[in-house]
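Notes for the one structure printed next.
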Amino acid sequence: MARFIDKLPFLEGPDSPDDAFNNGRGRVRGPSLGELFKLVGDTRATADDKLDNPALPPAAYSVDLSDSEVSRPVPFVLSFSNLTYSVKTKRLKSSHLATNSDLALMDQNSGSRTKTLLDSISGEARDGEILAVLGASGSGKSTLIDALANRIAKGSLKGSRTLNGEPLESRLLKAISAYVMQDDLLFPMLTVEETLSFSAEFRLPRTLSASKKKARVQALIDQLGLRNAANTIIGDEGHRGVSGGERRRVSIGTDIIHDPILLFLDEPTSGLDSTSAFMVVKVLRRIALSGSVVIMSIHQPSYRILGLLDRLLFLSRGQTVYSGTPSMLPHYFAQFGHPMPENENRAEFALDVIRELESSPTGSKPLVDFHRTWCLLNPSTNRSLTQSPTSLSLKDAISASISRGKLVSGTDGPAANDSSTMPTYANPFWVEMGVLTKRSFKNTSRTPELFIIRLFAVVVTGTILGTVFWKLDDSPKGVEERLGFFAFAMSTMYYVCADALPVFINERFIFLRETAYNAYRSSSYVLSNTIVSLPPLVVLSIAFACTTFFSVGLAGGLEGFMFYVLMILASFWSGSGFVTFLSGVIPHVMIAYVVVVAILAYFLLFAGFFINRDRIPNYWIWFHYLSLVKYPYEGVLQNEFGRTGECFIRGSQIFDNSPLGAMPHQMKERVLSAISGALGVKITDQTCVTTGRGVLNQVAVTQMGKWDCLLVAVAWGFLFRILFYFSLLLGGKNKRR
């Protein structure tokens, strides 16, 4: 099976598509990606020059492998047969909306219809080649890519997928494959090199040394043609970064860092100009030549891109209308009765014919039927789905591929010899958590203005509260003002936490992309998110406490101040946990903001400030105990009023906050004397009538001590982060139903 080759046509650019299809490219395999990395430094410039300038002589773009004794890569064939996928949709309002090509079956009992997105799709893809799936919008291109990449629920997809004739298990597929989404999901403030380095930390096994991982990243940067942009940030709307084509190549690089055997891409050229799109497909061509199976969907390839594709699969409303090489397209459509002009772009002509048929009353059914007949009459043009390219079993083929340098994630050690025992993740839990934490700190540290704005808002709010409630006294009015201050201050902590909503919502699709193929565990992400969020909360808590505790004149000294800081931190902790949990449940920022504001308003209503606990109706009392604001509010009240020896109402102050408060002082003394005589207790202006404990009894804050309130607030924070973890597990399946 293995043989030596003296010359390898490295990325040979065709003079025309016919040359590309007839020169036998695809039958000669190149070295593995790891072996190419050793040569890429010397060949990169000449290879790119050849692709851009086909007039260069062969010597200018040949790689001499005579001394390296590179053997033929282990062949892989991904076969799929009769893939069928249907979804339930609402019933059409009028029957005339359905055409003969609608592929929908009405269910009269359920009031819905079943729409078939894939209808018995069969084909195969081989290593060293690019299989491109084409079709008009809604033809099923992305659905087919999802079906092959195991992104459709097992019970919903019918048909079979095999690799070298053996069924593909989900666990094995995740270990040896990669899926590149249509959108570029990257952290905007990381550089190209940092993005690929973090991907290497996630996907490459821990046994691989740091120097080898770094070399892997550097080689991949060269292969992707990103050397000049290696130290440029990805960028976003507010920060200038790499170009669109470079961003797309970085997205591909993050998923191929572990050198997958199977690579699936959903429209990798979408939204790019022709030059950038061509550069992306050049990169995919290199990956295919390294011994990978590359399957991609593409909307409308240009003339140059078509010259880089090996096999095409055209779809029309979920059915196959052509499967074969690009060179056979003219003959195929000529036989169908639509001869192709000589200088026409073959892919564009085929798509135009398909669109024209789809808009006709019969739809694309004539072309579907013709394709079936063509396959029967021309079996030589369609490779047999049952013909195996090698006698090796899948287990042996993967082991041989790994031994040749394929850095399949997590396949170090004995597990590399048995595909069924491949580890689910490349790294242990604590390594994942450390890498995630480092990445988050680095990404957020480059946008310090976000934290500065949060800190500024907290300090300004604290300053306003401190000046409004300046040096409160121990009078009855001072007690009421303290209650108002604490209620507003504790609720403010939760509203400030609402700014954490966009954090995970913006990272949601990055998380789904990375965890879809087991880059790391959901639990690692949750703990990393927790660790990263803590330091800013500590700073905000100290800043708010320092601007309010002393200016308002709160009691308790140093001990009271420390508890006040801890309670504010617990409020931030539980509030950020609550907001983080909601961001995992609600994927839309504006909807999440509305829900957060509404729920926090209810929490404040039932916290015990506007209405005491003992006055809340029984049918609403449960909400009082669910209120997050209740526990910090009661905790700071216990800290302020729970000390012995403090008096807040003395003698004639009992008349304050009532109509009797307007009486002259002498009249108040006479009334006190009368009350003393009636009660048999002497009451003077200095007699303590209400202590701090009495204030707590008046506002019904008697069930829990201050440390109990602190522990409950902290427990809420842990509970919401546990719920956040389960929301990731339930909402992170990333599969179609």
Side-chain angles (χ1 to χ4, degrees), residues 32-34 37 78 125 127 130-131 142 145-146 148-151 170 172-187 190 192-205 208 213 216-217 219-226 234 242 244-270 272 279-288 290-298 406-411 424-427 432 435-436 439 507-520 732 734-735:
S32 72
L33 187 57
F37 286 158
L78 174 65
D127 65 295
I130 298 178
L131 170 63
S142 297
I145 298 296
D146 286 346
L148 296 176
N150 195 35
R151 292 168 61 87
S170 175
L172 174 62
L173 182 62
K174 285 186 176 183
I176 67 173
S177 67
Y179 179 90
V180 180
M181 295 182 177
Q182 183 173 345
D183 298 323
D184 300 322
L185 306 172
L186 304 167
F187 286 94
L190 298 180
V192 170
E193 184 174 349
E194 288 170 347
T195 301
L196 296 177
S197 296
F198 282 119
S199 181
E201 293 292 337
F202 290 133
R203 301 303 298 266
L204 301 184
L208 204 64
K213 289 181 181 179
R216 170 74 174 169
V217 170
L220 187 58
I221 289 175
D222 285 329
Q223 190 203 19
L224 296 172
L226 295 170
I234 301 299
V242 297
E246 291 170 334
R247 181 191 296 263
R248 187 61 51 84
R249 279 178 272 162
V250 175
S251 294
I252 295 173
T254 58
D255 288 305
I256 68 168
I257 192 71
H258 64 300
D259 197 2
I261 294 174
L262 304 176
L263 177 60
F264 307 99
L265 306 101
D266 184 14
E267 297 199 21
T269 62
S270 176
L272 302 179
M279 291 295 295
V280 169
V281 180
K282 274 172 53 179
V283 169
L284 298 180
R285 184 68 194 162
R286 297 176 187 176
I287 297 170
S290 73
S292 296
V293 179
V294 179
I295 304 177
M296 58 181 278
S297 61
I298 187 168
K406 295 293 261 186
L407 300 175
V408 180
S409 176
T411 54
T424 304
Y425 299 95
N427 296 289
E432 296 172 353
V435 175
L436 284 167
R439 183 176 70 175
E507 294 181 7
R508 171 186 293 272
F509 292 106
I510 298 178
F511 169 82
L512 292 177
R513 186 202 71 195
E514 292 177 335
T515 56
Y517 287 83
N518 295 341
Y520 49 80
N734 205 25
K735 287 189 177 184

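Heavy atoms only: backbone and side chains are in, while hydrogens, waters and symmetry mates are out.
No donor-acceptor distance shorter than 3.5 angstrom exists from the side chain of Asn150 to the backbone of Lys174, with no hydrogens or angles considered. Side-chain atoms of Arg203 do not come within 3.5 Å of backbone N or O of Asp255 as any donor-acceptor pair. For Arg286 (side chain) and Gln223 (main-chain N/O), a donor-acceptor pair under 3.5 Å exists by modelled atom type.
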- Task: Report the C-alpha separation of Glu201 and Asn427 in whole Å, then their side-chain angles, then the decisive distance to 0.1 Å, and conclude whether the side-chain contact (heavy atoms from CB on, under 4.5 Å) test is met.
- Result: CA-CA 8 Å; Glu201 293 292 337; Asn427 296 289; 5.9 Å; no
- Task: Might you work through the side-chain contact (heavy atoms from CB on, under 4.5 Å) test for Ser199 and Val217, ending with a clear yes or no?
- Result: CA-CA 9 Å; Ser199 181; Val217 170; over 6 Å; no
- Trace of the side-chain contact (heavy atoms from CB on, under 4.5 Å) decision for Arg439 with Phe202: CA-CA 11 Å; Arg439 183 176 70 175; Phe202 290 133; 3.5 Å; yes
- Message: Go through it in stages, so that I can follow the logic: the residues are Thr254 and Arg513, the test is side-chain contact (heavy atoms from CB on, under 4.5 Å), and I'd like the CA-CA distance, side-chain angles, deciding distance and then a yes or no.
- Response: CA-CA 10 Å; Thr254 58; Arg513 186 202 71 195; 3.9 Å; yes
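Evaluation of the side-chain contact (heavy atoms from CB on, under 4.5 Å) rule for Ser251 yields Asp184, Leu186 as partners, not counting sequence neighbours. Applying the side-chain hydrogen bond (donor to acceptor under 3.5 Å, both in side chains) criterion to Glu194, with sequence neighbours excluded, gives Thr191, Arg446.
Across Val280, Val281, Val294, a single residue satisfies side-chain contact (heavy atoms from CB on, under 4.5 Å) together with Pro268, and that is Val280.
The minimum heavy-atom distance between Arg151 and Ala516, with the atom names listed, is NH1-CB, 4.3 Å. Of all heavy-atom pairs spanning Ile252 and Ile287, the tightest one is CG2-CD1, 4.1 Å. Across every non-hydrogen atom of Lys213 and Leu208, the tightest pair is CE-O, 3.4 Å. Listed here is the closest heavy atom pair of Ile256 and Arg216: O-NH2, 3.3 Å. Heavy-atom minimum distance, Asp127 versus Val293: N-CG2, 3.4 Å. Minimum interatomic distance between Phe264 and Ile145 (heavy atoms only, all atoms of both residues): CB-CG2, 4.0 Å.
Between Ile234 and Phe187 there is no side-chain heavy-atom pair separated by less than 4.5 Å. Residues Met296 and Leu284 meet the side-chain proximity criterion, which asks for heavy atoms closer than 4.5 Å.
How far CG of Leu131 is from CG of Leu78: 9.0 Å, rounded to the nearest 0.5 Å. Rounding to the nearest 0.5 angstrom, the gap separating the CE atom in Met279 from the CG atom in Leu224 is 10.0 Å.
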Name the atoms and distances for all side-chain donor-acceptor pairs under 3.5 Å in residues 175-183, with sequence neighbours left out.
unit_1, atom_1, unit_2, atom_2, d
Ser177, OG, Leu173, O, 2.3
Tyr179, OH, Asp146, OD1, 2.8
Gln182, NE2, Ser270, OG, 3.2

